[in-house]
Protein chains: 2
Amino acid sequence: MDTSVKNLIVEKIKSSKIGQVDFDNLPFGDVFTDHMMVCDYKNGSWGTPKIIPYQPLTLDPSARVFHYGQAVFEGMKAYKDDKGQAWLFRPDENFRRINKSCVRLAIPEFPEEYFFDSLKTLLRLDVEWIKPGEGNTLYVRPFVIATQPGVIAAPSEEYKFMIICSPAKSYYGGEVRVKIAEKFSRAADGGFGFAKAAGNYAGQFYPTKLAKEEGFQQIVWTDSSTHEYIEEAGTMNVFVRIGDKLLTCPTSDRILDGVTRKSVIALARDQGIEVEIRPIKVAELLDATKNNTLKEMFGSGTAAVINPIQGFGYKGDKYELPKVENSYASRFKKQLTDIQYNRSEDKYGWRYKI
Amino acid sequence: MDTSVKNLIVEKIKSSKIGQVDFDNLPFGDVFTDHMMVCDYKNGSWGTPKIIPYQPLTLDPSARVFHYGQAVFEGMKAYKDDKGQAWLFRPDENFRRINKSCVRLAIPEFPEEYFFDSLKTLLRLDVEWIKPGEGNTLYVRPFVIATQPGVIAAPSEEYKFMIICSPAKSYYGGEVRVKIAEKFSRAADGGFGFAKAAGNYAGQFYPTKLAKEEGFQQIVWTDSSTHEYIEEAGTMNVFVRIGDKLLTCPTSDRILDGVTRKSVIALARDQGIEVEIRPIKVAELLDATKNNTLKEMFGSGTAAVINPIQGFGYKGDKYELPKVENSYASRFKKQLTDIQYNRSEDKYGWRYKI
């Protein structure tokens, strides 16, 4: 196996556990492949990446990640085409973003060659875990955690960069109805909502639990100052189709610069769809509902790819979206997955060969 | 040892490591006592708390705490008086607050008797680690982490509640100058800034690093919408003395309801000091600086108790505070530590006997 990481350490499992896995019944993110990547940061530099058997971590109870949430992650997917070749989708974007997240969380950036060489080595080793066929993917989770012991509230001087992989079917099932946030917020201006930081996620669990009790599956967050503008759905960016125009809000220090989001924008513009990237008022959604110009809403994200939104709730009222033919959501989902599974031309150079 | 927790499990160390510790040279939060408390949540309930030798944790790399920051903590201090009796300061407040934090982070609340009985048992077992004498304390860190494996972004169904203890000298040394935040923010309206959630801390490291490069030790955060009002310092609430009046901003969903903060307010009011709890504009600080009525600023928090602020920076300008005699900061620090070390009457019932 070629790799340009000198002394990349590979310790293979003795026997694979793949035979024990029911690939037709995979709860999202529950089963992990045979190997994982670990790279330790200590004394001011990243050490040699290691591919080792998937195994538990041993950490001091005072490790910073437990106390101060100094942790970031990424989400990517690997796909297998009909000829058995495995692919990633725009992993350069994930690499850039995890380092952007690292900077904001005061974590040392990770070297590019370590990332790609260990990623390729890991995925080639566990390539049997990537199953061909629509909807089958390998969810790849790079993450960094602060491991230095000590409860002083200061940046850690030790970290672990890891990659773990989980075979997956599609992430969301069924119809999604969202609650538009009126009281709770996800991120502050000047905060770190744009980063895939651990701390951005746990804070959404309680408001989401309350929204679920009202019959919604997810929350569409609004700006924390006025709650008048929609932002993102926590694990998805949000698109709105009014008439034939596609709207999405600009990225900012509150909103994740989603890889699927920017891919959808590129596809749409290339197909002559007018895309407006600007703040979207909740009031505009309500107006468009009234005059029947609100055709679609959908979320975009690595886990879900494209997730159509059937309805939304706001200030106690519930709104249903119409069923549209030739929806943008299904069009972009097909176009994206065709590229991801190597069923169509890759004119943008988004596919990355494993 | 009396305890009302049925089947509280106590497994003692074979030999103490206390002899190896240099109590005169203790970096904050680096050294831990012989024992720790662990209590696991599984299948919908908290199990039996265990006091066991301080030891590493073994967790799956996919444990939720690493990915989604589902973790909360508390900070308390134990003190030893001249007769060798150990005390805590208002632990009922910390208990109430950790459960408030738990609710906001979708973590199951912890039972009161488990908390107090295991806390007492742990501190009695490690009582030799609490050294008498001004400035010597045992920093007590209760915390909860989400331990369930699986990278789906949803609340964990398994948790560990733990208490670890670290002998400490005073937390902050020397003069503190703070930067008043103009761009970065700590918390959003509708967010979880009021909670001692792990995710509230790592986001402060990078802005604090930048502030340190400008010669400040800490940041005083401002509201994320306008940056016109001061809020808290991240690990301390902030007090301002203008003339002889003491000001502090109200607690909110962005601001921690500090135990030391509320103790200072009680002490001040009892001594006839006028305390105004209201939003404080940065502009008001600048005006007070100009007309020489800004007498003091100080932070309050468990780790620092009272930390005088000698100066602040705002929009590129630096402001120095005057040296005042009979400062409120030193008065409240003395009154609080006198209560904490059992050197004065405890008219508020704040001391808690171990």
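Quick caveat: nothing in here was measured; it's all calculated off a predicted structure. So you know, we letter chains A, B, ... as the sequences are listed, proteins then strands, and number each from 1.
How far CG of B:Leu59 is from CG of A:Leu59: 7.0 Å, rounded to the nearest 0.5 Å. Interatomic distance, CZ of B:Phe205 versus CG of A:Leu105, reported as 9.0 Å (0.5 Å rounding).
Only the side chain of A:Ile164 has a heavy atom closer than 4.5 Å to any heavy atom of chain B. Of the two parts of A:Val103, the backbone and the side chain both hold a non-hydrogen atom closer than 4.5 Å to a non-hydrogen atom of chain B. Of the two parts of A:Gln148, neither the backbone nor the side chain holds a non-hydrogen atom closer than 4.5 Å to a non-hydrogen atom of chain B.
Residues B:Asp60 and A:Tyr54 have side chains in contact (heavy-atom distance under 4.5 Å, counting atoms from C-beta outward). In this structure, A:Tyr206 and B:Cys102 have side chains that are not in contact, with every pair of non-hydrogen atoms separated by 4.5 Å or more.
With chain B as the partner, the residue from A:Gly29, A:Pro61, A:Pro155 showing the most heavy-atom pairs under 4.5 Å is A:Pro61. Most heavy-atom pairs under 4.5 Å with chain B: of the set A:Pro27, A:Ala168, A:Gly199, A:Ala154, this distinction falls to A:Ala154. Listed options A:His227, A:Lys183, A:Glu182 were ranked by heavy-atom pairs under 4.5 angstrom with chain B; first place goes to A:Lys183. Counting heavy-atom pairs closer than 4.5 Å to chain B, the top residue among A:Ala106, A:Gly193, A:Ser62, A:Gly191 is A:Ser62. In terms of non-hydrogen atom pairs under 4.5 Å with chain B, the most contact-rich of A:Gln55, A:Met36, A:Gln70, A:Lys209 is A:Gln70. When the candidates B:Asp30, B:Val65, B:Asp223 are compared by the number of heavy-atom contacts under 4.5 Å with chain A, B:Val65 comes out ahead. Of the listed residues A:Gly75, A:Ala195, A:Pro56, the one with more heavy-atom pairs under 4.5 angstrom with chain B than any other is A:Pro56. Contact count against chain A (heavy-atom pairs under 4.5 Å) is highest for B:Gly190 among B:Gly190, B:Ala71, B:Ser156.
Around atom NZ of B:Lys212, no more than 12 heavy atoms belonging to other residues, nucleotides or ligands sit under 6.0 Å away. Applying the 6.0 Å contact sphere to CD of A:Glu157 captures no more than 12 heavy atoms from other residues, nucleotides or ligands. Within 6.0 Å of NZ on B:Lys42 lie no more than 12 heavy atoms contributed by other residues, nucleotides or ligands.
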Just list the side-chain donor-acceptor pairs under 3.5 Å for residues 138-146 of chain A, sequence neighbours left out, or say none.
unit_1   : atom_1 : unit_2   : atom_2 : d
A:Tyr139 : OH     : A:Arg141 : NH2    : 2.9
A:Arg141 : NE     : A:Glu74  : O      : 3.1
A:Arg141 : NH1    : B:His67  : ND1    : 2.9
A:Arg141 : NH1    : B:Tyr68  : OH     : 3.2
A:Arg141 : NH2    : B:Tyr68  : OH     : 2.9

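Here the shortest heavy-atom pairing between A:Phe66 and B:Ala198 reads O-CB, 4.3 Å.
Applying the salt bridge (Lys or Arg N to Asp or Glu O under 4.0 Å) test to residues at least two apart or on different chains, the pairs with a partner in residues 186-197 of chain B are B:Arg186-B:Glu232, B:Asp189-B:Arg254.
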Report task. Check the pair A:Asp253, B:Phe184 against side-chain contact (heavy atoms from CB on, under 4.5 Å), reporting the backbone distance first and the verdict last. Result -> CA-CA 10 Å; A:Asp253 58 5; B:Phe184 291 110; over 6 Å; no

Query raised in the report: When you look at A:Phe192 and B:Ser185, which way does the side-chain contact (heavy atoms from CB on, under 4.5 Å) test go after all the steps?
Result: CA-CA 9 Å; A:Phe192 53 94; B:Ser185 305; over 6 Å; no

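A:Arg104 places a side-chain N or O within 3.5 Å of a backbone atom of B:Gly203 that can act as its donor or acceptor partner.
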